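These numbers come from the heavy atoms of this one structure, side chains and all, not from hydrogens, waters or symmetry mates. None of the values given here were measured: they were computed from a predicted structure.
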Amino acid sequence: MKIQDTLSNLEQKLDTTNKIKIYLCGVTVYDESHIGHARTIIVFDVLRKFLESKGTEIELVQNFTDVDDKIINRANSENTTAEKISSRYIENYYRDFDKLNVKRATNYPKATEHIEDIIKFIEKLIEKQMAYPSKNGVYFSVSKFPEYGKLSKKKIDELQSGSRIGIDESKIDPLDFAVWKFSDVEPVWESPWGKGRPGWHIECSAMSVKYLGDNFDIHGGGRDLIFPHHENEIAQSEACTNSPFAKIWMHVGMVTIGGEKMSKSSGNTKSIKYVLENWGSNIIRLFCLSGHYSKVIDYSEEMLNENLTKWRQVETCYYELIHATSEKQEEVAENIKKISIEFDNALEDDFNTHLALSAFFQLVKETNRLAAEEKLGKSDSQIIKKEFERMLIILGLSIPEMTEDKKQEIDNLISDREKLRKEKQFEDADKIRDKLNEMNIELIDHKKRTIWMKKEKIKAEK
RNA sequence: GGUACUCUGGCAGAACGGUUAUGCGUGAGCCUGCAAAGCUUAUACAAGGGGGUUCGACUCCCUCGGGUACCUCCA
């Protein structure tokens with residue numbers, strides 16, 4: 001598999017024969033997660049599921065930043081503690097992402113639970129004279145790390161002139177960034193240098209090295225983290241361990257809305273909660289995977305609607321497959337194999353989910369065509385279903401299971417309707433159909449038989 | 001201002017130095033008692049502007065322009 005690496009700006013080969021270790025920068029838990037967060041995490045979820053489906057073991061570590069000015073501010077404004085705020089939004093995170101059918105990471109380390117590791121990490125940096133304590137905190141000395149800027153392709157001297165945030169006089173160099181900030185206000189921890197809390201970037205360095213080792217395979221996150229966050233992480237980590245940090249840096253493009261970046265600070269976010277309620281997880285996932293991960297995607301109801309149409313085709317495909325009875329056969333295996341290879345090739349080539357989805361929809365179309373022509377044979381449908389389900393799992397799409405009782409009930413109603421139709425009592429037959437519709441069961445009348453499908457209820461539909 | 005990414009048909013969105021992906025939408029048709037769903041078929045000669053390299057460029061190079069992101073809040 002090849003993945004475009006931000007650091008080298010080249011496609012890098014990912015060796016999938018051994019375990020793959022991934023560190024993904026998660027969210028700062030001070031507010032509801034939005035579709036932008038969802039995209040990044042869904043991209044990595046599909047990557048992980050794809051690799052796992054190939055038998056590659058994955059260790060995915062994703063942090064929660066649970067100590068940060070924003071959390072503290074929020075706590076102050078709500079008259080509560082930072083801990084309560086962060087634990088509330090961690091809960092909400094799980095609520096949202098479980099619904100989005102994102103497989104839980106191997107580990108979700110929190111900054112506040114790794115203060116000791118962070119302190120040890122800083123101690124090492126000071127020992128190596130890569131960091132120094134000062135009046136307001138402990139700072140990383142950027143000038144001592146000559147490769148600083150290599151990820152974001154920034155030049156140190158240009159950065160200095162561009163830094164416009166109030167310069168802290170206690171820093172030796174304005175570019176130096178805090179690894180430890182002195183403070184007396186909760187949450188604070190004791191450290192060899194004084195009471196305070198960790199800087200933003202240090203947690204990821206300390207925790208990734210702790211869980212994944214000095215070097216690991218993929219470090220991921222949103223594009224907006226390239227600078228300063230990931231730049232600083234590289235500097236700290238490599239300064240500390242003296243070895244190359246992540247092998248591949250994989251950055252996911254932003255979600256925009258009306259062409260503007262979606263972000264909490266611009267107040268133009270669509271929360272996952274809101275979009276889940278209105279569109280559901282399958283449509284969100286299709287939407288998030290509809291473009292190449294590295295590019296911007298623009299959020300709009302129109303696009304979600306387009307994916308709704310597609311989702312209906314997927315549902316139809318599934319129910320056609322499970323209801324296939326035709327004895328006719330068409331040699332389907334070869335074509336399915338072709339589509340399957342196309343799907344895999346797309347993902348192996350810099351994780352092109354758009355092309356993979358094209359392949360998936362080819363399979364859906366092909367199935368629906370066969371069904372429409374009454375050519376979907378039982379054994380063929382088994383072949384297709386196997387592949388369909390494989391793709392469904394990788395993409396993280398899900399069609400809810402129905403209980404046997406429910407299925408029986410539906411079948412009974414359908415045969416009642418059949419009788420009425422034969423007797424040309426269409427009004428009564430339609431009543432049954434309406435009743436089923438109310439249960440979100442849609443009937444598909446084929447020439448000789450009727451099948452049913454359970455349509456996912458989409459609040460935003462029509 | 002610097003850096004990166006980006007500009008493809010009404011919309012979304014790929015690939016490749018030579019073949020007008022594909023999906024949505026739209027029109028027509030098939031199926032049906034009627035619908036719905038689905039299917040079939042038709043429909044766009046598209047590449048930000050201008051140069052250049054080439055037998056040939058959407059693809060490579062130059063240049064001009066637009067957009068977005070980042071330049072110590074950010075997924």
For Asp69(A) and rC74(B), what is the distance between atoms CG and C1' respectively, to the nearest whole Å?
13 Å

Just how far, in rounded Å, is P of rC71(B) from CG of Asn232(A)?
11 Å

Counting the atoms with a prime plus P, OP1 and OP2 as sugar-phosphate, which does [X] contact under 4.0 Å by heavy atoms, base, sugar-phosphate, or nothing?
X: Gly26(A); answer: sugar-phosphate
X: Gly221(A); answer: sugar-phosphate
X: Val27(A); answer: sugar-phosphate
X: Glu315(A); answer: nothing

Could you spell out the base pairing of RNA chain B in dot-bracket, with Watson-Crick or G-U pairs whose two distances are under 3.5 Å, [ ] crossing and | to another strand?
(((((((..(((.....[...)))((((((.......))))))....(((((..]....))))))))))))....

Under a 4.0 Å heavy-atom criterion, the protein footprint on nucleotides 4-15 of chain B, written with B, S and -, is -------SSSS-

Expected string for nucleotides 30-40 of chain B under the B/S/- scheme (protein heavy atoms, under 4.0 Å, primed atoms plus P, OP1, OP2 as sugar-phosphate) is --SBBBBBSSS

Any luck finding a side-chain donor-acceptor pair between Tyr211(A) and His114(A) under 3.5 Å?
yes

Test for a donor-acceptor pair under 3.5 Å between the base of rC74(B) and the side chain of Lys264(A), counting only N and O atoms.
no

Minimal heavy-atom distance between Gln236(A) and Ser205(A), with the atoms involved, is OE1-OG, 2.8 Å

For residues Phe360(A) and Phe343(A), establish whether the separation of their ring centroids is below 6.0 Å.
no

Side-chain N or O of Ser263(A) closer than 4.0 Å to phosphate OP1/OP2 of rA75(B):
no

